[in-house]
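Here is the naming used below: chain letters follow the sequence lines, and residue numbers restart at 1 for every chain. Because the structure is predicted, anything quoted here is derived from the model rather than measured.
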2 protein chains.
Amino acid sequence: MALADPTRRRIIEMLGEGALAAGEITARFEVSAPAISQHLKVLKAAGLVTVEISGQRRIYRLEPGGLDTFEAWVRQVRGFWTASLGRLEQELAKPGTDEGVE
Amino acid sequence: MALADPTRRRIIEMLGEGALAAGEITARFEVSAPAISQHLKVLKAAGLVTVEISGQRRIYRLEPGGLDTFEAWVRQVRGFWTASLGRLEQELAKPGTDEGVE
DNA sequence: TTCGTATTGACTTAATTAAGTGAGATAAGA
DNA sequence: TCTTATCTCACTTAATTAAGTCAATACGAA
């Protein structure tokens, strides 16, 4: 699941405040550039973010419909009144349920 | 010309003492990894070195016939008695003569 | 239950590709 | 001559792909 990982959720939160280049996202974490690159790949595959190539940079931004789709999915699975990302943590962390929002 | 650049000649000298992974070559210079990667690409295109992929590593070694071909070329161009790499420096450094040994 | 044995997933290291910069050479025009 | 425009080439930065490690989970057999 794309949002199972806390690092990916933090990326989504960051992008909520505005678009960022891959390198700017990496700078905000302690892990390596490839690690972030791989997270971004998952988020993109799940339809949660989009990329715009600008010269040497890759600008990542939130896909407007992406979180809506995710929210709808969450409601369906758990009921919308418990749809807190924090409380879903254990549920989402279960492996093998990785078909994502899309 | 593949051997016009002193960095590339130093790489060839290093490989003369045995095969090396790309990273080991990089470690012996002060420039960035991509810079070395690009030099290795030129040397490979000129038939002077070969690569063997070994897991995550790329092992570079001298192509046995490569320098022979180069030497023959040098003799043809300058006469074998003046075929010192040092004295050819200015000649080799001329741009636009980049068809190489091959 | 317990003990291998897979599988998953986040991560690192190794290396590369792609894009852009800057210095030196070349050539054409005023 | 001077100067301006173009080209080449070594280089850097930005980002990624590929390969491998490691810990946690899941799972079937003894």
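In this structure, B:S32 does not reach the D:dC11 phosphate: none of its side-chain N or O atoms is under 4.0 Å from OP1 or OP2. For D:dC11, the OP1/OP2 oxygens have a side-chain nitrogen or oxygen of B:H39 closer than 4.0 Å.
Of the two residues contacting DNA chain D, namely A:G23 and B:A35, the nearest-nucleotide position lying further toward the 5' end is that of B:A35. Looking at which nucleotide of DNA chain C each of A:V31 and B:E24 is closest to, the 5′-most match is held by A:V31.
Note that the CG atom of A:L40 and the CD1 atom of A:I25 stand 4.5 Å from one another [nearest 0.5 Å]. Interatomic distance, OG1 of B:T7 versus CD1 of B:I12, reported as 12.0 Å (0.5 Å rounding).
Here the side chain of A:T26 pairs a donor or acceptor atom with the backbone of A:A22 at under 3.5 angstrom. A donor-acceptor pair is defined here as one N or O able to donate and one able to accept, closer than 3.5 Å; such a pair exists between the side chain of A:R9 and the backbone of A:L3. The backbone N or O of B:A21 sits less than 3.5 Å from a side-chain atom of B:E24, completing a donor-acceptor pair. Looking only at distances, no side-chain donor or acceptor of B:E17 sits under 3.5 Å from a matching main-chain atom of B:M14.
Distance CG (A:L20) to P (D:dA14): 14 Å, rounded to an integer number of Å. Distance B:R9 CZ to D:dA10 C1': 14 Å, rounded to the nearest Å. A:K41 has its NZ atom 13 Å from the C1' atom of D:dA15, to the nearest Å. If you measure from atom CG of A:L40 to atom P of D:dA14, you get 16 Å, rounded to the nearest angstrom. In this structure, the CZ atom of B:F29 is 13 Å from the P atom of D:dA10, given to the nearest Å. Rounded to whole Å, the distance from CD1 on B:I25 to C1' on C:dA15 is 12 Å. B:Q38 places its CD atom 12 Å from the C1' atom of C:dG20, with the value rounded to the nearest Å. Taking atom CZ of B:R8 as the reference point, atom P of D:dC11 lies 9 Å away to the nearest angstrom.
When distances are taken from the side chain of A:P34 to each of C:dT13, C:dC11, D:dA10, the shortest belongs to C:dT13.
Within 4.0 Å of B:A33, counting heavy atoms only, lies at least one base atom of the nucleic acid.
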> Stepwise, does the side chain to side chain contact (heavy atoms under 4.5 Å, CB included) test hold for A:L48 with A:R8?
Replying inline: CA-CA 10 Å; A:L48 290 164; A:R8 287 201 286 270; over 6 Å; no
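A heavy-atom distance below 4.0 Å to DNA chain D is reached by these residues of residues 50-60 of chain A, ordered by number: A:Q56, A:R57, A:R58, A:Y60.
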